[in-house]
Amino acid sequence: MATIQLNNVTKIYDGEVKAVYNASFTIEDKEFIVLVGPSGCGKSTLLRMIAGLEEISDGTLFIDEKKVNDVVPKDRDIAMVFQNYALYPHMTVFDNMAFGLKMRKYPKNEIKKRVANASRILEIDAYLDRKPGALSGGQRQRVAIGRAIVRQPKVFLFDEPLSNLDAKLRVQMRIELKQLHARLQATMVYVTHDQVEAMTMGDRIVVLKDGIIQQIDTPLNLYNNPHNLFVAGFIGSPTMNFIPGILQFGESNEFKSDGLTIELPPMLAANLKKSRSSDCTLGVRVEDVFDADMDSQKNLTAKYRMTIEAVEPLGSEIYLYLQADNGQKLCMRTASDRTYHRGGIVNVAFDVDRMYFFDAATGNRIGIVAS
Ligand code: ADP
């Protein structure tokens, strides 16, 4: 069992830098939770407070219902894997993995058994006599993970463990870490700035910005139901399109932007009206932008005339980068069997059921239609 509970956990460095502010959430037993956000948002600080490597300025932290604010790292029954592996270069792989257990005076046989077991799981058993310098980046990262596994901790903490690996290896290790999680049935907290890593690995994701939690949700809920403009823009690649405009309610209910007027479906209009927002931002994902002259079977908004600035054929799909006369940019995803050319005109339109609206002042999502 290992649940982690944070109540208004705050970190203020040097009496002025608010690195994490009022973080409150519970990490369930055996959960794989990802802390994600841009550089400097406070995710490492949050992880380091859970590890006990950083003092908590305010609030309380519980591991398994025991308050641990003042418990030193070695007594928290957690293991941390760092981005730079932190291996001892002069020790063999075996000794690197065994080091923590030796320090804790485990019997030799037990150490051997645990290292053998962990190295088999991680497929590094053939390299136990090598030194880290004679290993690839991926193998070194496995040794670092192995060192955590042999401790059999209640909680694993990962601080951007894959960012030093090349793209292909990162994808492979991502899958391996998820398999490891399933196998070990341990609680894992994983920090990354990469939203794709977060989406593919997390049972739930905590999105942070400027030290403040923006949303805690499953990957699909974050994607389909973002609570604010920041989350909507941060999750998803290419990023969601944003168009500034105003909402007008009366005889007809409309979203209006320069060169674009969209009539709002009645239920959405009723919900948007409740928010009393006028200035807003319309958000549309790239897969919800259509070529109105070719995709007429869809339930689409009014047409929006745009010029093709760039065409990106990816094989399985095409991305079009478009610009309206007023400079508004837009990206759309379309089928790979179509032909588009730079400089051509596309009349785009949006799926009426897949539009997001955000209050211009607060960035909060408005007009959520209950499903
Ligand atoms: P992230 O991991 O999301 O990149 P960090 O948790 O490292 O963010 O940092 C959050 C904020 O706290 C940043 O503004 C950073 O500059 C600041 N910070 C981090 N560590 C220290 C420190 N030891 N002293 C002062 N400020 C720090």
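Hydrogens, waters and symmetry mates play no part in the numbers below; they use all other heavy atoms, side chains included. All residue numbers in this chain count up from 1 along the given sequence. In each ligand, atom 1 is the first atom listed, and ligand 1 is the first ligand listed.
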In terms of side-chain geometry, is the basic nitrogen of [X] or [Y] positioned less than 4.0 Å from the acidic oxygen of its partner?
X: Asp64; Y: Arg76; result: no
X: Asp77; Y: Lys66; result: no
X: Asp359; Y: Arg365; result: no
X: Arg204; Y: Asp217; result: no
X: Glu55; Y: Lys11; result: no

Exercise for the section: May I ask you to list the atoms of ligand 1 that are less than 4.0 angstrom from any heavy atom of Asp14? Expected result: 25 (C)
Practice task
State the atoms of ligand 1, each with its element, that fall below the 4.0 Å cut-off from a heavy-atom position in Pro38.
Solution key: 3 (O)
Practice task
Could you find the nearest protein heavy atom to atom 27 (C) of ligand 1 and give me its residue, atom name and distance?
Solution key: Tyr13 CD1, 3.2 Å
Handout entry: atom 15 (C) of ligand 1 within contact range, any protein heavy atom under 4.0 Å
Key = no
Handout entry: Within-shell test, Cys41 vs ligand 1, heavy atom, strictly < 4.0 Å
Key = yes
For [atom], tell me which residue out of [options] has the closest non-hydrogen atom.
atom: atom 2 (O) of ligand 1; options: Gly42, Ala19, Gly211, Ser44; result: Ser44
atom: atom 6 (O) of ligand 1; options: Val36, Thr45, Leu208; result: Thr45
atom: atom 11 (C) of ligand 1; options: Gly37, Gly40, Ser39; result: Gly40

Exercise for the section: Measure the spacing between CD of Gln248 and NZ of Lys273 and express it to the nearest 0.5 Å. Expected result: 12.5 Å
